[in-house]
Every structure is written in C-alpha cells, then in structure tokens.
Amino acid sequence: MTDTLPFIAPVHVMVLGIIVIPSLFVVWLSFHASTFGQTARFVGFDNYVRVLSDTYFWRSLLNTVIIIAAAVHLELLIGLGMALLFAGGLPFQRILLVIVLAPYAISEVTAVAMWRFLFDPDVGPVTVAVRSLGLPPLDWTFVPEHGLALVGLLTIWLHLPFTFIILYAARLAIPKDLYEAGKTDGASAFQLFRNITLPLLMPAMLIAVLFRYIFAFRLFSEVWLMTQGGPARTTEVVAVYLYLEAFRYNSFGTAAATAWIMVIISLLLASGYIWRLRKETAANAH
C-alpha cells in the first residue's frame, strides 16, 4: 500500500480538489444568505424553503419533467429501432453510421445556432417548408409550448447517437445461436424480439435511460441558447433557474440550495434505475 501511495495520491488530490471540496462548499453555501459585497449569513433551511415555495422553480421543474418524459423515451424508441435496423443489415451501413453519429461530434452552441436558423419563424428553411404544406410552423419565440417542443427535438437530435450506440453494441453482443434456435422452433420475428432481443437488451436500455435522465435533468445549453427561458420565464428548466438565481439575481445561497435539490432528485432517479438494473442483471444471470 505504501509503495503505491505516491502513484495514486495525485488522483486523490485531484478528486478532493475538483469534486469533494467544491461540493462541501456548495452544501455550506446552501445554508447561508450570500451575495456580492456582503458577508455570508447563516439562515438554516431558509434557502431551501424559498426555492421550494417559488412558483418559478416548480414551473422550471415541470418543464424539465415534460422534456425528460417526452424526449428521453422518444429517443429510446428511435434509438432501439435504429439499432435493430443496423443490426439486421443495411445498404451503405458505414456511411449511414457516420451520419447517425455526426450530431454527437457537433458542439451544442453550433447545433443551437443551426437550429435557430432552420426554425426561424420568418425565414427558416423548415418554417418555409412547413408553411408551403399548409401546416402551422413552430412559433417558438412567442409560444411556450412550441419552445419546449423545439428544445425537446433538439436534445433528441443531439443525444440520439449516445442512446443508439449503447443499444447497437448490446444488440451485436447477443449470440446469433439464440436466434437460430428460435427460428428452428418456429418462432416468428415478433416472438424472437419479445423473448430474446428485448429481455437481453433491457440492461442496456436501463443504462441508456439512466444516463439520459441525468443528462436531461441537467439540461441547460439548449434552453439557454435557444430561448433563455423566455418568453416570460415560461420555458425555463431547473438548470436555467439555478443560473438565473446565481448570476442574474446574485442569490448564491438559493442557487446552491437549488443545486443540491437537483442532486437529490438525480440520486432518487438513479437509485430506482440501479435497483431495476440489478434485478434485470440477476434475472439474466439465472
């Protein structure tokens, strides 16, 4: 142990300095009233009470839940369908794989700038095409529901490669012998999917959903760069609410409390899916 200590000490120091100490400072800050030019004053749980009694916080939490519930599950279904198509064999598969993975190589800033142009309410190519078909375009600059819908579509497009590559790799890992045995027994394609593919893909699907839940709950860049929470703070998500509390209203205590509320909710989400993942893994092992 003493021989390896000099080699592992830098890692421990880095984790302590980057994660542990800042986290403890945020905990301390969440129990204090703090802003620029004033000494931090201990207020107990007042910051948590302020956040939990703020209607803007609950609206941002509802918007976050709506985006998570719609975007993540739709993304999972699309990623699963694409994984099954690619595993079944497609013409020009290598080119299509590059196209599918391309959004993950684009920065969020670039992606938002591109989508703002494509869906511009006046001259955007998508808006013009939709109007030419006689359909109503997404007026995301004025209608909150349209803004949330556009953010949801954007986050699906950006993060679909993540879900797809997990499910695709898991599908390729399923032995072909299982499918050959099922076909020999006269199983249909749907029966093969229900009895072989879906159960064996379930752990990978749970992992993908778990990470996407956590990533989506921290959603910030897409909303801030697209709508900045507007109009009238109706498209805010929790991360944008935290940012505004800290850097627009200079209320560092409530921002820290919001951060720890986000951590607690993320841990609750993770614990449920980890329990389900362990159950699925144990069932597959037997």
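Counting begins at 1 with the first residue of the sequence. Because the structure is a prediction, the values reported are computed rather than measured.
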**Asked** Same cluster for Ile66 and Tyr56 if Ile/Leu/Val/Met/Phe/Trp/Tyr side chains link at under 4.5 Å?
**Response** no
**Asked** Do you know which two heavy atoms are closest between Pro161 and Val100, and how far apart they sit?
**Response** CG-O, 3.2 Å
**Prompt:** Does a sphere of radius 6.0 Å around CZ in Phe86 hold more than 12 heavy atoms from other residues, nucleotides or ligands, not counting ones at 6.0 Å or beyond?
**Reply:** yes
**Asked** Between the side chain of Thr155 and the main-chain N/O of Val151, is any donor-acceptor distance below 3.5 Å?
**Response** no
**Request:** Can you measure from CZ (Phe162) to CG (Leu101) and round to the nearest 0.5 angstrom?
**Result:** 12.5 Å
**Prompt:** If you round to the nearest 0.5 Å, how far is NZ of Lys183 from CD of Gln191?
**Reply:** 13.5 Å
**Request:** Indicate the atoms forming the closest heavy-atom contact of Pro199 with Arg194, along with that distance.
**Result:** CD-O, 3.2 Å
**Fill in**
To the nearest 0.5 Å, atom CG of Leu268 lies from atom CD1 of Ile264 at 7.5 Å
**Prompt:** In terms of ring plane angle, is the pair Trp157 and Trp115 parallel, tilted or perpendicular, where the classes change at 30° and 60°?
**Reply:** tilted
**Asked** Taking all atoms of both residues into account, what is the closest heavy-atom pair of Ala208 and Thr163, and its distance?
**Response** CB-CG2, 4.2 Å
**Request:** Before giving the answer on side-chain contact (heavy atoms from CB on, under 4.5 Å), spell out for Leu167 and Leu76 the whole-Å C-alpha distance, their side-chain angles and the decisive distance to 0.1 Å.
**Result:** CA-CA 9 Å; Leu167 299 182; Leu76 179 68; 4.0 Å; yes
**Prompt:** Is there a donor-acceptor pair under 3.5 Å between the side chain of Thr227 and the backbone N or O of Gly229?
**Reply:** yes
**Message:** With clusters defined by side-chain heavy atoms of hydrophobic residues (ILVMFWY) lying less than 4.5 Å apart, directly or transitively, does Leu267 cluster with Val209?
**Reply:** yes
**Request:** Show your reasoning for whether ring-ring contact (aromatic ring centres under 6.0 Å, His included) applies to His159 and Phe164.
**Result:** CA-CA 9 Å; His159 299 284; Phe164 162 73; over 10 Å; no
**Message:** Within the 4.5 Å heavy-atom criterion, are Leu52 and Trp58 side-chain neighbours or not?
**Reply:** yes
**Message:** In this structure, would Leu225 and Leu118 fall into the same cluster of hydrophobic residues linked by side-chain contacts under 4.5 Å?
**Reply:** yes
**Request:** Report, as yes or no, whether the 6.0 Å neighbourhood of atom CZ on Phe45 holds more than 12 heavy atoms from other residues, nucleotides or ligands.
**Result:** no
**Message:** Counting C-beta onward and ignoring hydrogens, is there a side-chain heavy-atom pair between Ile67 and Val237 closer than 4.5 Å?
**Reply:** yes
**Prompt:** Taking only residues two or more places apart in sequence or in another chain, which ones pass side-chain contact (heavy atoms from CB on, under 4.5 Å) with Phe247?
**Reply:** Tyr243
**Message:** With a 4.5 Å cut-off on side-chain heavy atoms, are Ser251 and Thr35 touching?
**Reply:** no
**Request:** With rounding to the nearest 0.5 Å, note down the distance linking CG in Leu80 to CD1 in Ile166.
**Result:** 13.0 Å
**Request:** Kindly write out the residues that satisfy salt bridge (Lys or Arg N to Asp or Glu O under 4.0 Å) with Glu222, not counting sequence neighbours, or none if the list is empty.
**Result:** none
**Request:** State, to 0.1 Å, how close Ala111 and Ile106 come at their nearest heavy-atom pair, and which atoms those are.
**Result:** N-CG2, 3.9 Å
**Prompt:** Any chance the side chains of Thr197 and Tyr179 put a donor and an acceptor closer than 3.5 Å?
**Reply:** yes
**Complete:** Nearest heavy-atom approach of Leu158 to Pro103 is CD2-O, 3.9 Å
**Message:** If hydrophobic clusters are built from ILVMFWY residues whose side chains come within less than 4.5 Å, do Val128 and Met114 share one?
**Reply:** no
**Asked** What is the ring orientation for Phe211 with Phe215, classed by angle as parallel under 30°, tilted 30 to 60°, or perpendicular over 60°?
**Response** tilted
**Request:** Decide side-chain contact (heavy atoms from CB on, under 4.5 Å) for Ile68 and Tyr213; before the verdict, give the C-alpha distance in whole Å, the side-chain angles of both, and the deciding distance to 0.1 Å.
**Result:** CA-CA 7 Å; Ile68 290 175; Tyr213 268 13; 3.5 Å; yes
**Prompt:** Just by distance, do the side chain of Thr127 and the backbone of Asp120 share a donor-acceptor pair under 3.5 Å?
**Reply:** yes
**Message:** Has Asn47 got a side-chain atom pairing as donor or acceptor with Ala257's backbone, closer than 3.5 angstrom?
**Reply:** no
**Request:** Look at the side-chain heavy atoms of Ile, Leu, Val, Met, Phe, Trp and Tyr, link any pair under 4.5 Å apart, and say whether Phe42 and Val26 land in one connected group.
**Result:** yes
**Message:** Run the salt bridge (Lys or Arg N to Asp or Glu O under 4.0 Å) test against Glu75 and tell me which residues pass, sequence neighbours left out.
**Reply:** Arg212
**Request:** Check side-chain contact (heavy atoms from CB on, under 4.5 Å) between Leu198 and all other residues, then give those that pass, not counting sequence neighbours.
**Result:** Phe193, Met202, Met205
**Request:** Using the side-chain contact (heavy atoms from CB on, under 4.5 Å) rule, take Ile156 and Leu74 through it: C-alpha gap first, then chi angles, then the decisive distance, then the call.
**Result:** CA-CA 8 Å; Ile156 289 174; Leu74 182 58; 3.7 Å; yes
**Prompt:** At what distance, to the nearest 0.5 angstrom, does OG of Ser221 lie from CE of Met226?
**Reply:** 11.5 Å
**Contacts of Arg59 that satisfy salt bridge (Lys or Arg N to Asp or Glu O under 4.0 Å) - sequence neighbours left out** = none
**Minimum side-chain heavy-atom gap Ile261-Val238 below 4.5 Å** = no
**Message:** Determine whether Met82 and Ile78 satisfy the following criterion, side-chain contact (heavy atoms from CB on, under 4.5 Å), listing intermediate values before the conclusion.
**Reply:** CA-CA 6 Å; Met82 291 171 56; Ile78 297 174; 3.7 Å; yes
**Message:** Centre-to-centre under 6.0 Å for His146 and Phe119, is that the case here?
**Reply:** no
**Flag side-chain contact, heavy atom, 4.5 Å: Leu90 against Leu96** = yes
**Prompt:** Once you round to the nearest 0.5 Å, how far does CG of Leu206 lie from CG of Leu201?
**Reply:** 10.5 Å
**Message:** Using 30° and 60° as the class boundaries, would you call the ring planes of Tyr48 and Phe31 parallel, tilted or perpendicular?
**Reply:** tilted
**Request:** Taking Arg131 for its side chain and Pro136 for its backbone only, find out whether a donor-acceptor pair lies under 3.5 Å.
**Result:** no
**Message:** Regarding Thr258 and Tyr241, do their side chains bring together a donor and an acceptor under 3.5 Å, going by distance alone?
**Reply:** no
**Prompt:** Less than 4.5 Å apart, any side-chain heavy atom of Trp28 and any of Leu24?
**Reply:** no
**Request:** Tell me, please, which residues at least two apart from Phe117 pass ring pair (Phe, Tyr, Trp, His ring centres under 6.0 Å).
**Result:** none
**Prompt:** Is there a side-chain contact between Ile21 and Phe25 (heavy atoms, below 4.5 Å)?
**Reply:** no
**Asked** Can you name the nearest heavy-atom pair linking Arg50 to Ser53, along with the distance?
**Response** O-OG, 3.2 Å
**Message:** A side-chain contact here means heavy atoms from C-beta on lying under 4.5 Å apart; do Leu154 and Val112 qualify?
**Reply:** yes
**Message:** If only side-chain N and O atoms count, and only distance matters, is there a donor-acceptor pair under 3.5 Å linking Ser60 with Glu236?
**Reply:** no
